[in-house]
Amino acid sequence: QVQLVESGGGLVQPGGSLRLSCATSGDIFQIYDMAWYRQAPGEQRELVARISRGGVRNYADSVKGRFTISRDNAKNTVYLQMSSLRPEDAAVYYCTANLQTSPYSPASDYWGQGTQITVSS
């Protein structure tokens, strides 16, 4: 079994900062891409940021310059540093990892349970 556990969500004022963490545990052979998605009420889930095992990063245009994704391969953990937060950043944030559970299994996507970010004064 594989588990992804997010932490760091909560309430923040506009202009504030938060750091999300997502730790992956369980039967892990190799983790490839890790990413953060978000979903606001009534909206589709959208990609926020993605990072490859080698550290190549991609961001949604709406968060470029404000959010930074990073990872610690030794800890199987991905982070999302969020700054200059706006009310429109409020959503449930999900982490995902594309990984193999063994050298003989195909890579599959695994998801965390989500963490709520509220941006309000």
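Keep in mind that what you see is a predicted model, and the values were worked out from it rather than measured.
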Inset, instruction - Would you check if Arg57 and Ser70 make a side-chain contact, meaning some heavy-atom pair closer than 4.5 Å? - result: yes
Legend entry - Donor-acceptor contact present, side-chain Tyr79 to main-chain Asp72, <3.5 Å: no
Legend entry - Salt-bridge criterion met for Lys64 and Asp61 (N-O under 4.0 Å): yes
Legend entry - Check: Phe67 and Leu85 side chains under 4.5 Å, non-hydrogen atoms: yes
Inset, instruction - State whether a side-chain donor-acceptor pair under 3.5 Å links Tyr110 with Gln3. - result: no
Legend entry - Main-chain N/O of Ala60 paired with Ser62 side-chain donor or acceptor, under 3.5 Å: no
Inset, instruction - Look at the side-chain heavy atoms of Ile, Leu, Val, Met, Phe, Trp and Tyr, link any pair under 4.5 Å apart, and say whether Val78 and Tyr37 land in one connected group. - result: no
Legend entry - Nearest heavy-atom neighbours spanning Ala35 and Leu47: CB-CD1, 4.0 Å
Inset, instruction - Might you confirm whether atom CD of Gln44 has over 12 heavy atoms from other residues, nucleotides or ligands at distances under 6.0 Å? - result: no
Inset, instruction - Check Gly8 against Leu18 and note the closest heavy-atom contact, atom names and distance. - result: O-CD2, 3.8 Å
Inset, instruction - Identify which one of Glu6, Glu43, Glu46 satisfies the salt bridge (charged side-chain N to carboxylate O under 4.0 Å, His left out) criterion when paired with Arg38. - result: Glu46
Legend entry - Test item: Thr24 side-chain N/O and Leu4 main-chain N/O as donor-acceptor pair under 3.5 Å: no
Inset, instruction - Starting at CD of Gln113, measure out to SG of Cys95 and round the result to the nearest 0.5 Å. - result: 7.5 Å
Inset, instruction - Give a yes or no answer on whether the side chain of Gln39 reaches the backbone of Val92 with a donor-acceptor pair at less than 3.5 Å. - result: no
Inset, instruction - Identify the two heavy atoms, one from Ser121 and one from Gln13, that lie closest to each other, and give their separation to 0.1 Å. - result: CA-CG, 4.5 Å
Inset, instruction - Specify the closest pair of heavy atoms between Ala107 and Asn98, including all atoms of both residues, with the distance to one decimal. - result: CB-OD1, 3.4 Å
Inset, instruction - Flag yes if Val119 and Met82 sit in one hydrophobic cluster, no otherwise; membership is Ile, Leu, Val, Met, Phe, Trp, Tyr, and two members link when side-chain heavy atoms are under 4.5 Å apart. - result: yes
Inset, instruction - Please name the pair of heavy atoms, one in Trp36 and one in Tyr93, separated by the smallest distance, quoted to 0.1 Å. - result: CE3-CB, 4.4 Å
Legend entry - Inter-residue atom distance Arg50.CZ - Asp33.CG, 0.5 Å rounding: 5.5 Å
Legend entry - Spacing of Met34 atom CE and Cys22 atom SG [to the nearest 0.5 Å]: 5.5 Å
Inset, instruction - Find the distance between OG1 (Thr101) and CD1 (Ile31) and round it off to the nearest 0.5 Å. - result: 11.5 Å
Inset, instruction - Measure from NZ or CZ of Arg45 to the centre of the six-membered ring of Tyr94, then state whether that distance is under 6.0 Å and the direction lies within 45° of the axis. - result: yes
Legend entry - Nearest heavy-atom neighbours spanning Arg66 and Asp89: NH1-OD2, 2.7 Å
Inset, instruction - State the CG-OG1 distance between Leu80 and Thr115, to the nearest 0.5 angstrom. - result: 11.0 Å
Inset, instruction - Could you tell me the separation between the CZ atom of Phe29 and the CG atom of Leu99, rounded to the nearest 0.5 Å? - result: 11.5 Å
